[in-house]
Amino acid sequence: MATSPQAKYRKDYQAPTHTISDIELFFDLHDNQTLVTAVSHVHQQSESTTLVLDGEGLTLQSVKVNGVDWVDYTQSESSLTLHQLPELFTLTIITQIDPQANTALEGLYKSGGAFCTQCEAEGFRRITYYLDRPDVLAKYTTTITADKTLYPFLLSNGNKLAEGELENGRHWVKWQDPHPKPAYLFALVAGDFDVLRDHFVTGSGRKVDLEIFVDKGNLDRANHAMVSLKNSMRWDEQRFGLEYDLDIYMIVAVDFFNMGAMENKGLNIFNSKFVLANEKTATDMDYLGIESVIGHEYFHNWTGNRVTCRDWFQLSLKEGLTVFRDQEFSSDLGSRAVNRIHNVRIIRGPQFAEDASPMSHPIRPDKVIEMNNFYTLTVYEKGSEVIRMLHTLLGEQDFQKGMKRYISRHDGTAATCEDFVLAMEEASGIDLQQFRLWYSQSGTPLLKISSDYQASSESYTLTVEQTTEPTADQPDKQPLHIPFDIELYQQDGTIVPLQCNGEAVHHVLSVTQPKQIFVFDNVPERPIPSLLREFSAPVKLEYDYTDQELSFLMVHATNEFARWDAGQMLLAKYIRIHVESVQQGKSIELPDAVIDAFRGILLNETLEPAFVAEMLTLPNHNEVSGWYKQVDVDAIAQVLHQFKVILATALVDELSVIYHLLKQEEYSIDHKAIGQRALRNTCLSYLAYTEQGEGLVYRQYRQANNMTDTMAAMSAANAAQLPCRETLMDDFSAQWQHDGLVMDKWFALQGTNPAEDVLLVIKRTMQHPAFSMKNPNRIRSLIGSFLTMNPVRFHAKTGEGYQFAGEILRELNTSNPQVASRLIDPLLKFRLYDQHRQTLMKKELDALKNLDNLANDLFEKLTKALDQ
Ligand code: B3K
Ligand code: ZN
């Protein structure tokens with residue numbers, strides 16, 4: 001390896017030496033030799049007459065200051081330093097870049113036949129030399145020139161100013177964005193598309209043109225994205241009082257994209273996965289995913305774009321807040337309980353696992369080598385939980401007051417997490433001093449609860465102890481301010497009003513000490529406590545519930561989330577018991593009372609089907625693994641499999657009745673229909689393990705008139721390894737092999753195939769005409785799903801899963817380090833496995849670490865994991 005990459009620290013922040021008020025960009029687009037001319041108006045802001053610009057992979061053609069060639073500069077691999085500059089000047093830089101050769105998909109690159117950009121976090125420096133940092137805000141004017149036949153649409157941020165024709169079949173378009181913005185929000189697209197056009201009239205009566213650009217032939221898959229966009233615009237006005245601020249909003253769907261989507265001002269660029277959907281090609285989950293990602297990117301217009309981040313350590317300022325907003329959007333439009341359950345599963349599964357991994361970091365990290373490594377579940381999802389806790393502590397009204405204060409105070413500027421908390425504190429008058437620790441402390445707190453009832457005094461005591469284990473990045477932890485939402489029930493289901501010393505107290509308790517005792521009086525009998533309702537804080541909970549108490553809460557808890565959580569706790573208890581049983585060679589059984597509790601849920605007609613489906617879904621292998629310091633992959637898999645078989649066998653009649661009852665003749669995409677399909681397909685996933693399985697699955701596949709039902713049949717056949725699996729897989733591939741996006745579903749089933757020879761099949765599948773190692777969606781579907789969702793085969797004792805991961809990572813290290821860096825995570829967690837597996841996993845990590853051209857992305861993660 002050459003020189004080690006340098007880390008940056010949050011504490012070292014310094015304001016920029018210069019600012020840039022305007023930048024005019026000219027792009028002369030060609031596949032291999034694109035010329036970029038950048039004309040910036042620069043103002044010196046400090047003592048320094050030296051300006052250091054960021055740049056990577058650029059061929060510098062010329063530098064001019066105030067129109068005159070400038071020779072007083074030095075160049076390094078990642079910067080251009082100009083010396084002896086005047087105080088105020090126009091800087092003209094011409095660079096040449098090669099979009100066609102850009103397989104990292106950062107900066108300007110080709111996606112299929114189109115040019116597009118991805119600049120967050122630090123991609124703009126791959127386009128031109130610039131102050132590529134979020135606190136330098138400039139007004140952008142962009143002129144794009146390209147071949148007119150190949151690229152009839154030339155797009156950039158803001159409003160179209162002018163356009164014209166040139167010789168040689170080329171044409172040009174000029175755009176201007178009136179809102180100053182950092183370079184990471186810059187975007188350019190050139191290509192040939194079909195366009196879905198619509199408009200939205202804002203609350204104040206302005207008409208906004210809405211345009212969604214998709215690959216030719218895909219217009220019939222753009223409707224849901226458009227509906228979701230209009231819903232987002234309306235919702236942000238109604239709930240947050242925030243209106244859109246340009247005359248046009250464009251979304252372009254591209255096939256080659258490293259993540260979900262990007263909120264570039266006025267010109268969002270999306271992974272086509274989060275735009276394209278119709279009933280034949282997309283599942284209900286895809287539809288809901290599109291709604292939430294369209295919402296998320298739209299909501300960034302205020303939380304991210306109008307108010308941006310001062311530095312990248314503050315990323316959660318825009319991401320945590322915007323995830324909170326998109327979660328609220330989905331919950332207001334659909335089922336709040338089901339949305340909460342999905343979000344909590346992500347926190348308790350992969351986010352808690354991240355906290356326990358070598359990559360553990362606070363939602364506002366202190367030290368970063370490669371910024372792209374910090375677009376994490378911690379920054380996004382835990383970041384959103386932190387905002388949600390503020391919302392819980394303040395209530396909707398004061399939270400919105402805080403939002404108004406935050407936006408109006410920081411509009412048009414780059415802010416910090418501290419600015420946000422301060423606005424909330426001022427708006428509510430609540431002291432958030434201790435709460436601020438959530439921004440700087442990493443790891444998952446544990447709440448240990450014990451209770452005591454004194455009949456003589458009718459008092460009930462809850463003792464709450466909080467601890468946070470040391471994490472890879474921080475040995476010492478302090479007590480946090482934890483909102484702890486509880487309710488107490490009498491045996492007949494009545495709620496016990498919460499009183500302390502005769503005074504009513506709020507159901508959200510403030511836990512702030514390492515150990516705290518809450519005494520409630522006027523409690524007529526030993527109550528059943530419902531604890532951490534709504535998952536009011538991202539913490540682990542330990543309380544010694546009896547089976548009867550959990551079964552009681554599954555029925556009587558007043559809130560659906562708490563009922564679901566009780567069901568999960570009941571399952572968790574028996575999963576833990578039986579992982580031990582398997583290790584001791586004993587058999588797996590579930591008490592009748594537990595089975596009856598789930599039967600009761602299944603037969604309860606007053607419950608929403610979507611909610612029942614969640615109640616019946618077992619925690620997955622990854623979530624269960626997170627409960628252990630030493631993970632027994634095979635024992636966990638065996639227990640989860642047996643639970644499925646036991647429940648399916650015991651409840652076969654009820655499952656079968658509901659399965660048939662919920663058959664829909666007509667397909668529709670409203671929330672009620674989605675919920676019914678979810679429950680019906682959950683029933684099928686159990687029935688697949690019974691004698692009826694093969695027949696039901698095969699028939700459902702044949703009769704399905706929508707992708708949700710098709711995929712449910714295929715997933716059931718895959719998970720239960722039904723004989724019809726091969727037939728269905730072959731049929732699906734024959735039908736969809738021309739369509740990579742649809743084939744991703746098939747690739748994911750190949751990746752998660754529990755069969756023993758799965759790796760052979762995966763290697764063969766990499767030759768499938770629809771597969772490409774250049775396309776991140778394909779890689780994630782086939783290979784990513786194997787690494788993260790097929791634990792038994794990935795962790796095969798032979799080490800072949802690890803070797804395969806190593807080979808893939810070596811290839812991606814060169815072609816697309818960002819994707820490599822996402823895929824490496826399962827290997828980094830080697831310390832969780834037995835000695836034999838640890839050795840094999842480490843061998844692959846060591847080999848990667850010794851690569852000559854190791855990318856920063858992998859370097860950062862490998863050194864953290866291996867140097868611990
Ligand atoms: N802000 C982008 C993510 C950029 C990731 C860069 N590696 C999408 C989003 O969070 O909305
Ligand atoms: Zn975002």
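One is the number of the first residue; the rest follow in order along the sequence. Numbering of ligands and ligand atoms starts at 1, following listing order.
- Summary of contacts: the protein heavy atom closest to atom 7 (N) of ligand 1 is Asn372 OD1, 2.9 Å.
- With hydrogens and angles left out, the side-chain atoms of Ser772 and Asn775 include no donor and acceptor closer than 3.5 Å.
- Ion pair Arg325/Asp236 flagged as a salt bridge, since at least one NZ, NE, NH1 or NH2 atom sits closer than 4.0 Å to an Asp/Glu carboxylate oxygen.
- At least one N, O or S atom of Glu319 sits under 2.8 Å from the Zn ion (ligand 2).
- In terms of polar-atom proximity, defined here as any N/O pair under 3.5 Å, Glu297 does make such a contact with ligand 1.
- The proximity of Glu319 to ligand 1, defined as any non-hydrogen pair under 4.0 Å, is limited to the side chain.
- For the residue pair Phe256 and Lys774, the shortest heavy atom distance occurs at CD2-O, 3.5 Å.
- The closest approach between any non-hydrogen atom of Glu106 and ligand 1 is not below 4.0 Å.
- Contacts of Lys318 with ligand 1, taken as heavy-atom pairs under 4.0 Å, involve the side chain alone.
- Checked against a 3.5 angstrom limit, the closest N/O atoms of Glu120 and ligand 1 fall inside it.
- Between Arg133 and Asp311, no side-chain nitrogen of the basic residue sits less than 4.0 Å from a carboxylate oxygen of the acidic one, so the salt-bridge criterion is not met.
- With respect to the salt-bridge test (charged N to carboxylate O, under 4.0 angstrom), the residues Asp366 and Arg10 qualify.
- In terms of protein heavy atoms, atom 10 (O) of ligand 1 is closest to Tyr380 OH, 2.4 Å.
- In summary, Asp245 and Arg306 engage in a salt bridge, as defined by a charged side-chain N under 4.0 Å from a carboxylate O.
- In terms of protein heavy atoms, atom 8 (C) of ligand 1 is closest to Ala261 O, 2.9 Å.
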